[in-house]
Each structure stands twice: as C-alpha cells, then as structure tokens.
Amino acid sequence: MAEWRRTCYAGEVSTSQTGEKIGLMGWVQRRRDHGGLIFIDLRDREGLVQLVFNPETDSAVHEKAHNLRSEFVIAVKGVVQKRPEGTVNPDLKTGEVEVAVTEIIVLNDSAPLPFMIEDDTDVAEMTRLKYRYLDLRRAPLQRKLMLRHKVAMATRNYLTRNGFLEIETPVLTKSTPEGARDYLVPSRLNPGAFYALPQSPQLFKQILMISGFDRYFQIVKCFRDEDLRADRQPEFTQIDAEMSFVDREDVISVMEGLVVEIFKESGVVLAPPFARLTYAEAVGRFGVDNPDTRFALELVDLTALLSGSGFKVFADAASKKGVIKAICVKGGATFSRKDLDDLTEIAVSFGAKGLAWVKVTEEGWQSPIAKFLSDAEKEGTAKALGAVTGDLILFAADKPSVANTVLGRLRTNIGGRLDLIPKDRLNFVWVTDFPSFDYDDAEKRYVAVHHPFTAPMDEDLAYLDTDPLKVRAKAYDLVLNGSEIGGGSIRIHRSDVQAKVFEKLGIAKEEAEERFGFLLEALKYGTPPHGGIAFGLDRIMAIMTGSESIRDCIAFPKTQKATDVMSDAPSPVDQKQLDEIFIRVAKKA
RNA sequence: GGGGCCGUAGUUAAGUCGGUUAUAACGCUGGCCUGUCAAGCCAGAGGGCGCGGGUUCGAGUCCCGUCGGCCCCGCCA
C-alpha cells in the first residue's frame, strides 16, 4: 500500500486539479459498462466522482474495471480531466471533472447488497437497522452524523470559551427512587447490590459545584428504562451544564448563546433573546407545557361566560372548579362527520368525556349543543373566539388539566391536519415558573414536576407548608417547535430547604438519608448557589436535520422494544456469568 | 399494560368473491454495446407468502394464537 496513497477525497476533486495525477480510495457506487468505455462512480464520505476506463488508453486497467461491482472497495490512480463538452453532470458537485484511471487495485469485494446505497430509500427501517453499517453509508445519514459532530464541537468550543470545564461523571451510580425507571447493573463484588446507570449526572454536577469547579459541562449518555417514542430512546445524549453563583437569567443568557452557536452549524442565524412564557401562560393558551408557537389556534377560556349555561356538561364542569375552554378552527365548518369523530376519539383518549362542537354557518350554529345555549352566550362565545361563518368551535369542559390537555392535543392535531404549521420556522420559547409539585392521585402524594433538587421561588417558600401546589419552581424548559429540547433549574443549595422538599415529597427522613444522604451532607459544607440545564442532543439534531425520528441522528439506535437488531442486544447470558453476579432469572409470568 | 397500522423474491410493492404453474419493478447473473451518470438492449436465476395451529375438496386470501417492526396512550423526576 505504500505507493497507494489517497491524495484527496472523491467528493472533493475539482477542475483546479485538471492534469494532476491523484490517488483515490473508496467504494464503487455504480458501474456503467458500455462494453468499451466503463464509468465508475467512486464514493467516499465527501461525495462522488466519476472514474473513466478507456480500453484504447489502457486495456489492462479497463479489463479490471469490468469485474467491479457495487460496494467493492478500490484504490485508483489517475489523471483529473475536464469532461468533454456536453457530458458535464450539473447534479454532481464534481460533475465538471472525471478521473482517467491509470492504475487500480481492488482492496476488497462485496457480497450483493440487501438494499441499494442511495439517498432516498423506502427500505423497511428494520432492514436498515439490521444492516446499519450499509444504511450509514447513505449520504443523508453521513451528513447528519457529520453535522452532529460539528454541533458537539461547537458546544465544546463555546462552553470552553465561557469558562466551562468538561468533567466526566460515573456511569455506575447509585439508584434513586424518584424519576424514571433505572437501568440496573449487578455488583459482582457486592452480592445483591446494584448500580444504576445515570438518568442524568444531576447529583454529580451539583457536587462539582460544591467542589468549586464553578462551571461544568459534559456531553454525556443518560439512561432511562422507559418505553420508547419517535423522540425518545432509552439511552440518549445530553449536553449537560451547571454554573455557580447564578440565577435563572444568567443560565438562560449563557445558554441562548450556546443555542445560537449550535444552530450556526446548520447555517441558521438565531437572534436571542428567545420568547418567554410562564408555565401558566403556556398551559392556558396552548394547553401544554411544550407549546408549538409556530401557529395560533389558541385556547380561549369561556368559563365565566358559560358557567350558567343550560348545557349541563358546561354547568357541571364550572361548578366543580373545572373550566370551559374552546378553540376556533378557521374554516373548520367543512370538517366531515368522520373528521369530527376522529377529533372526538382524540379528545376521549386524553380524558375528555366527549367533544362538543359548533359549526358556524350562514344559517347560524349547527351543533348538537346549540339548543342549550342562549343567544347571548352564543354571541359572547363567537366574539371571544373571533368565530365567523365557516369556522368550527371545539369545546372542552372539565377539570383544568383535562380541558387544557384535550384542547392542546386537538390544537396540534388540527394544526397538522390543516397544514397550519410553517415548516421552515424555528420557534424557540423558554417556559418558566413551573409548579414545584404535582399531586399523584394514584400514589396519594406530591411528586416533583422537575426534580427534587429544584429550588422553589423565594416568594413561594411560605406555601411549602400551607399549599405545596402553589409553590412555583426556579425551573425552565427550552421548547423548540413544540418539542422540549432542554430543561433545567436553579438548585436548592441549603440542606434545610432540601430536607423540607423531601419531606413534602413524602420521602421519609431515613429514606432521604439512605438515598441522597451524601448530597444532604455535602450541602452543609459551603454550597454555592448554583443552577444549570441539560439539552437533548438527539432531539436538537432531529429538528435541525428535519428528521422524523431521533433514530436518524443516532449512529446505532434501538428499536421500539429497546433492542439492537444489528448486534441482537439484549440477549441471554451464560449461567456461569449469572452465577458470578449472584443473579437467578425468574420464569416469565 | 392498552389502542392503531404493517409483515408476499435480495428490496419495494400487486395479488379481485378462497380456485390452474404467486405477478411487476428495481437489484442480481450472463450476453451485446465507446460518453454514460437511475446508462441502454436481450436472456436468465430467484420466493411459496413472518411463524404455529384451525376451517375447507382447496388458504397470501377466512379464523385463532404467536413473533417482529412502526405510531400513539400510560410511563418518561
């Protein structure tokens, strides 16, 4: 191989090299064999260039080209030449040139492929995942992973420039009771004891602040043993950061700078500050805490107007501390019976008992509930919603959490259905002032909305004892186009407050001691005020690259059952291995 | 745990009311071919329909179960 040296990438051969002798190595993308002339598209990670084999120039080399097949790995030497008049390929970056090959060796052949390596593919995803190494040869995936690398570099550069230190934290950590289900790792040296893979490096980064590192970051794998979604893998990557001596605004402004740098890599220029919504505003206007603000279709509260309505569902909801809310779908009066049935099904799946609708027509309100409403109520509703002839009004009357969720989901569905969402927009919004606690009806206790280390807002501290649900947290999420791409908070830096929050969460003193004792102890020794954030790198990449699923931005993703169909993980292990770690496998129920 | 959609040559799909030998395109193999770039033309090989039962004279087609993939609910501090 000594004299076989690659002098440039195939995708980077240009007219400036005309006449030069170059060396290329790569894969045979395609062979066009004219019997006489043979054309080979040679591919490497930077692109394609056309090789020409002319039997009149060199019959021996031409003969070798005859046997080339798709995905053979070859090395060639040849002379760059401009293509003859009329044979330039404008669709190819290197389309003005070609390489007249003078020498070739086949470095490796290839078995026939299970699918073709081309940009657009309709091959089943499972097949692509089984042969992921072939799938990853496709240019779109190469581009996405290259961009991911650039984003990681931009992150490291920006944070380093701003005084952050990249510090690694353990992967074998202590299981914590709150939050997602842990991935457990048995300890051979401590029979019966288990490590957990980190759901995030949360406690370690806080402790690094206590240690005085002041500004920390890490691009780090996190693990949550929960069911998968298009935007959720059980192992995923966070850009994790933490800062000392800061408040919310410090974190937000530094991190907006990071987001600007990240998106610059995809050629997008962002102009912070980003929009802000409080949690209450987000839920009130959009029904969800991760609003897609690229389109309106906002929720309107009609509780005051309709609480005395003759429609029992409305009146009942209002009398039980519920709300009556609605959205107005412009032009929605054309929705068919089936459309409305679909929407009703969605509403029911999110907890509604039904879906009241009104079509505003020339003849007035066409609706199953029109007869229950007075003219004043109808007029007031239309006015509040800005509803005119041709519109469709959808109501939800229930406790606030249900009414908001139902309308929020309907809003998103209809936004997609009516193509109301401008595809090329990037709408960032910080959602702030989350509640600290939520009440879990099933478990009959308060649970942390963010996590148990999130500081309550100072002015709400008094409610900690009297009305925990009123306590707001110094927490913030960054939402992009309806997708939560980051979240963080200012942390509790006093052990007494931390102990009190654990108490509110129903975590007994002994349990808190057992699970987080090291943190409570650490908080006693001069903990600086601190806070931070973590961004979901996979989600950011998916949105940036217009991918339907984060799987397209992960080199080796898992299937929905959390398996890897290429390597066949997870898999059974030898009894000997189990014996060593004192594990006995129970029979499946 | 639940709901929905989907499994037919290597790949993507078609397959009517259950009925001769399961179609096509691309890919693959061979041949022809000197300016193609999804090269072209000709010929050929290749599957028994995810798997297991059942109904039937007869099952990709109907029924039951099961495995797998995707989307969603729950779950994801």
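The chains referred to below are lettered A, B, ... by the order of the sequence lines, with proteins before strands, and numbering in each begins at 1.
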Quick check on [N]: is either OP1 or OP2 less than 4.0 Å from any side-chain nitrogen or oxygen of [X]?
X         : N      : result
Arg32(A)  : A39(B) : yes
Arg69(A)  : G30(B) : yes
Ser349(A) : G2(B)  : no
Arg31(A)  : C37(B) : no
Lys561(A) : G68(B) : yes

Would you state whether a donor and an acceptor, one from the side chain of Arg83(A) and one from the base of U36(B), lie under 3.5 Å apart?
yes
Kindly indicate whether the side chain of Glu345(A) and the base of G3(B) share any N or O donor-acceptor pair separated by less than 3.5 Å?
no
Set of residues satisfying ring-ring contact (aromatic ring centres under 6.0 Å, His included) with respect to Phe453(A), sequence neighbours excluded:
His451(A), Phe516(A)
[X] [atom1] to [N] [atom2]: how many Å, rounded?
X         : N      : atom1 : atom2 : answer
Phe39(A)  : G40(B) : CZ    : P     : 14 Å
Ile38(A)  : G35(B) : CD1   : P     : 13 Å
Gln560(A) : G74(B) : CD    : C1'   : 13 Å
His34(A)  : G31(B) : NE2   : P     : 17 Å
Arg232(A) : C75(B) : CZ    : C1'   : 7 Å

Run the salt-bridge test on Asp433(A) and Arg248(A) with the 4.0 Å N-O cut-off and return the result as yes or no.
yes
When every nucleotide of nucleotides 5-15 of chain B is labelled 5' to 3' by its protein contacts under 4.0 Å (heavy atoms), B for base, S for sugar-phosphate only, - for none, what sequence of letters results?
-----SSS---
Taking syn as any angle within 90 degrees of 0 and anti as the rest, which one fits G48(B)?
syn
Would you mind classifying the nucleic acid contact of Asp225(A) as base, sugar-phosphate or nothing, using non-hydrogen atoms under 4.0 angstrom?
nothing
